[in-house]
Undergrad: 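One structure follows; several queries about it will come next.
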Amino acid sequence: MNENKIIYDLIIIGGGPAGITAGIYGARQKLNTLLITKSFGGQVARKAVAIENYPGLEEISGLELIKKFEKHLRKQKIDIERDEVVKLKKIGRKFLALTKSKNRFEARAVIIATGADPRHLEVPGEKKFIGRGVSYCAVCDQSLFGDKTIAVIGGGNAGFEAAISLTNYAKKIYILEYGEKVGADEINQERVKKTGKIELITNAVLKQIKGKEFVNSLIYQDRKTKKEIKLPVDGIFVEIGSQPATSFVKGLVDFNEKDEIKINPRTNQTKIPGLFAAGDITEIKDKQIVIAAGEGAKAALSVYGYLQSRK
Ligand SMILES: Cc1cc2nc3c(=O)[nH]c(=O)nc-3n(C[C@H](O)[C@H](O)[C@H](O)COP(=O)(O)OP(=O)(O)OC[C@H]3O[C@@H](n4cnc5c(N)ncnc54)[C@H](O)[C@@H]3O)c2cc1C
C-alpha cells in the first residue's frame, strides 16, 4: 500500500463532465486538488452519434468534446491520477480514498462524480462473451464488426443511436426492444428507417447469448407468442440504460430508490459535512452533459465555501 503524504484540500473522483468541471473550478479557486478517474470522458465517450445540445458547439462528437474538456483541465494546476477508487472512508475530519492500485489519498473535502456504468443484461452467456462479441460501447467497438450482423439490445435513444452509428460498419442490425413500443425520439426513429439496414423487433425478451469462441447467435422470446427464436448474430451491443457507480461509498451516504446519492440541491453536499457529489451519480432529475458540468462547478464552489468556513 502506497501512502501519499499530501493532504489535499479536495479530491474529485470521476473524470466525466461533472468531475472535470469540478476540477477546473477547484483549481481556479486555488484549492490543492487531486482528480482520480478510471478514464476520461465517462458516458460522453460512449456517445455514438454527434452531440448537438452542448451550447457553443453546434455539433461535436463525444470523443472530441471530451478531448477539449480534458485539455482544459490539464491546463490547470491540479494533480491527476488514472486509477479506480475502491473505498472512500471518513477518518476524523479527513477523507481517505483507497484505490485499486493500492494507493491512499487524503483530503479535507471530496466530490464524488463517478456517474453511471452501463447496465448489464444478466442473461446466460453475457459475461462469457464480454469482449468476444458483447459490447457496451458502440463508439469504442463498432469498427470491429465490419460486414457483420449485429443486435442492439434496447430501443431507447442510446440503442437507436448505436444502431445508426453501426450502419457505417455492419451489414445488418437488429434492434431488440422489450416493450410494445420503442422509447427513442421520433427523429431517431426516422433516421433508423432511412438507413434501410436496421430491423426493429419489439416485444423481445433476451434469454441467452450463444457462441463458441465468439458470439454466434442469441435467443429471445416473443412476449406475445411466447415462442423462443434463435437469431444468428456476430455481435451484441447492450444499450439498456445505466446504473450509478456507487459501490465504493456504500454505508457512507444516503441513496434514493434508484441508488443515486442524495444531496442538498443548493450546495451538492451529502449528509456528511465535506462530502459532496455532482452529476449523474446524484438524484438530480435530468442527466445531461451541460447539467453535469454545471453541477460539478456548483459542487466545487460549495467545497471552497465549506473549507473557508472551517479556517
Ligand atoms: C449513449 C449515451 C448518449 C448520451 N448522449 C447525450 C447527449 O447527446 N447530450 C447530453 O447532454 N447528454 C448525453 N448523455 C448523458 C451524458 O453523457 C451524462 O449526463 C454525463 O456524461 C454525466 O456526466 P458525469 O460526469 O456525471 O458522469 P460520467 O460521464 O458517467 O463520468 C463518470 C466518470 O467517473 C469515472 N469513475 C467511475 N467510477 C469510478 C471510481 N470508482 N473511481 C474513479 N473513477 C471512477 C468514470 O471512468 C468516468 O470517467 C448520453 C449518455 C449516454 C450513455
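In each ligand, atom 1 is the first atom listed, and ligand 1 is the first ligand listed.
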Undergrad: Could you tell me whether the side chain of S302 and the main chain of T267 form a donor-acceptor pair under 3.5 Å?
TA: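 At least one qualifying donor-acceptor pair exists.
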
Undergrad: Once side-chain contact (heavy atoms from CB on, under 4.5 Å) is applied, do any residues pair with K94, and if so which ones, sequence neighbours excluded?
TA: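 So K94 forms a side-chain contact (heavy atoms from CB on, under 4.5 Å) with I7, E106.
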
Undergrad: Does atom 3 (C) of ligand 1 have a protein non-hydrogen atom under 4.0 Å from it?
TA: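 Answer yes: something from the protein, a heavy atom, is under 4.0 Å.
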
Undergrad: Would you say D117 has any N or O atom under 3.5 Å from an N or O of ligand 1, going by distance alone?
TA: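 N/O-N/O distance below 3.5 Å does not exist for this pair.
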
Undergrad: Could you verify whether a donor N or O on one side chain and an acceptor N or O on the other, from N157 and N188, lie under 3.5 Å apart?
TA: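 Yes, side-chain donor-acceptor contact under 3.5 Å.
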
Undergrad: With only distance considered, is E239 within less than 3.5 Å of ligand 1 through an N or O on each side?
TA: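 It does not: no N or O of E239 is found under 3.5 Å from an N or O of ligand 1.
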
Undergrad: How about Y25 and Y304: are their ring centroids closer than 6.0 Å?
TA: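 Y25 vs Y304: aromatic centres not under 6.0 Å.
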
Undergrad: If you measure every N or O of V85 against every N or O of ligand 1, does any of those distances drop under 3.5 Å?
TA: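 V85 vs ligand 1: N/O contact under 3.5 Å present.
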
Undergrad: Given G14, S242, S39, G241, identify the one with the heavy atom nearest to atom 49 (O) of ligand 1.
TA: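 That would be S39.
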
Undergrad: Indicate yes or no: does D147 engage K171 in a salt bridge with an N to O separation below 4.0 Å.
TA: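 Looking at D147 and K171, the cut-off is not met.
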
Undergrad: With a 4.0 Å cut-off on N to O distance, would you call E81 and K38 a salt bridge?
TA: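 No, E81 and K38 are not salt-bridged.
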
Undergrad: What protein heavy atom sits nearest atom 44 (N) of ligand 1, and how far off is it?
TA: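 Minimum-distance protein heavy atom for atom 44 (N) of ligand 1 reads K38 N, 3.1 Å.
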
Undergrad: Side chain, backbone, both or neither: which part of A113 comes within less than 4.0 Å of ligand 1 when only heavy atoms are counted?
TA: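 The answer is the backbone of A113.
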
Undergrad: Apply side-chain contact (heavy atoms from CB on, under 4.5 Å) to residues K87 and K89 and explain how you reach the verdict.
TA: CA-CA 7 Å; K87 191 82 200 159; K89 292 182 179 174; 4.2 Å; yes

Undergrad: Which protein heavy atom lies closest to atom 25 (O) of ligand 1, and at what distance to 0.1 Å?
TA: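 Closest protein heavy atom to atom 25 (O) of ligand 1: A18 N, 2.9 Å.
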
Undergrad: I'd like to check which ligand 1 atoms, numbered from 1 as shown, lie under 4.0 Å from a non-hydrogen atom of E84.
TA: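 Every atom of ligand 1 under 4.0 Å from some heavy atom of E84: 40 (C), 41 (N), 42 (N), 43 (C).
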
Undergrad: Taking heavy atoms and a distance under 4.0 Å, where does A116 meet ligand 1: side chain, backbone, both or neither?
TA: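 A116 to ligand 1: backbone contact only, side chain stays beyond 4.0 Å.
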
Undergrad: Record the part of V86 in heavy-atom contact with ligand 1 below 4.0 Å; permitted values are side chain, backbone, both and neither.
TA: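 Under 4.0 Å from ligand 1, V86 contributes no heavy atoms.
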
Undergrad: From the options G42, P17, S247, select the one whose nearest heavy atom is closest to atom 24 (P) of ligand 1.
TA: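 Minimum heavy-atom distance to atom 24 (P) of ligand 1 goes to P17.
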
Undergrad: Is there a donor in the side chain of D280 and an acceptor in the side chain of Q43, or the other way round, less than 3.5 Å apart?
TA: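 Judged by distance alone, the side chains do pair up.
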
Undergrad: Go through the structure and list residues passing salt bridge (Lys or Arg N to Asp or Glu O under 4.0 Å) with K210, not counting sequence neighbours.
TA: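 For K210 there are no salt bridge (Lys or Arg N to Asp or Glu O under 4.0 Å) partners, ignoring immediate neighbours.
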
Undergrad: Atom 35 (C) of ligand 1: which protein heavy atom is closest, and how many Å away?
TA: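 Residue, atom and distance for the closest contact: T37 OG1, 3.6 Å.
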
Undergrad: Give a yes-or-no answer on whether the side chains of Y8 and D79 include a donor-acceptor pair shorter than 3.5 Å.
TA: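 The criterion, which ignores hydrogens and geometry beyond distance, is satisfied for D79 and Y8.
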
Undergrad: Note the single closest protein heavy atom to atom 8 (O) of ligand 1, along with its residue, its atom name and the distance in Å.
TA: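 Result: K47 NZ, 2.8 Å.
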
Undergrad: Does a side chain donor of either N168 or Q142 reach within less than 3.5 Å of an acceptor in the other side chain?
TA: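 No, no side-chain donor-acceptor pair sits under 3.5 Å.
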
Undergrad: Just go through K287, E52, Q43 and tell me whose heavy atom is the nearest to atom 52 (C) of ligand 1.
TA: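 Shortest heavy-atom distance from atom 52 (C) of ligand 1: Q43.
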
Undergrad: Considering non-hydrogen atoms of the protein only, which is the closest contact for atom 53 (C) of ligand 1, and what is the distance?
TA: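 Checked against all protein heavy atoms, atom 53 (C) of ligand 1 sits closest to R46 NH1, 3.5 Å.
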
Undergrad: For D83, take its heavy atoms, then give the atoms of ligand 1 lying under 4.0 Å from any of them.
TA: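 Going through ligand 1 atom by atom, the ones under 4.0 Å from D83 are 43 (C).
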
Undergrad: List every atom of ligand 1 that sits less than 4.0 Å from any heavy atom of G279, numbering the atoms from 1 in the order shown and giving each element.
TA: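 It comes down to these atoms of ligand 1: 26 (O).
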
Undergrad: Flag E161 as yes when one of its N or O atoms lies below 3.5 Å from any N or O atom of ligand 1, and as no otherwise.
TA: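 No: no nitrogen or oxygen of E161 is under 3.5 Å from one in ligand 1.
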
Undergrad: Would you say atom 30 (O) of ligand 1 has a protein heavy atom nearer than 4.0 Å?
TA: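 Under 4.0 Å from atom 30 (O) of ligand 1, at least one protein heavy atom found.
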
Undergrad: Considering only protein heavy atoms, which is closest to atom 18 (C) of ligand 1, and at what distance to one decimal place?
TA: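 Sorting protein heavy atoms by distance from atom 18 (C) of ligand 1 puts D280 OD2, 3.3 Å first.
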
Undergrad: For I13, take its heavy atoms, then give the atoms of ligand 1 lying under 4.0 Å from any of them.
TA: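 Listed by number with element: 42 (N), 43 (C).
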
Undergrad: Mark up the atoms of ligand 1 that fall under 4.0 Å of a heavy atom belonging to A292, in ascending order.
TA: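 That gives atoms 22 (C), 23 (O), 26 (O) of ligand 1.
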
Undergrad: F248 heavy atoms, cut-off 4.0 Å: which ligand 1 atoms fall inside?
TA: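 It comes down to these atoms of ligand 1: 41 (N).
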
Undergrad: Hey, which atoms in ligand 1 end up nearer than 4.0 Å to a heavy atom of G115?
TA: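 This gives 27 (O), 28 (P), 30 (O), 32 (C) as the contact atoms.
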
Undergrad: Between R310 (side chain only) and Y306 (backbone N and O only), is there a donor and an acceptor less than 3.5 Å apart?
TA: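 Judged by distance alone, no pair lies under 3.5 Å.
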
Undergrad: Less than 3.5 Å apart, any donor N or O on the side chain of T99 or E84 sitting next to an acceptor on the other?
TA: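 Not at all, the side chains of T99 and E84 share no donor-acceptor pair under 3.5 Å.
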
Undergrad: Would you tell me whether N256 and K262 have side-chain atoms, one donor and one acceptor, within less than 3.5 Å of each other?
TA: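 There is no such pair between these side chains.
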
Undergrad: Looking at atom 11 (O) of ligand 1, what's its closest protein heavy atom, distance included?
TA: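 That would be I289 N, 2.8 Å.
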
Undergrad: At what distance is the nearest protein heavy atom to atom 37 (C) of ligand 1, and which residue and atom is it?
TA: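 The closest heavy atom on the protein side is T114 O, 3.4 Å.
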
Undergrad: Charged N to carboxylate O under 4.0 angstrom, E70 versus R74?
TA: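 A salt bridge links E70 with R74.
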
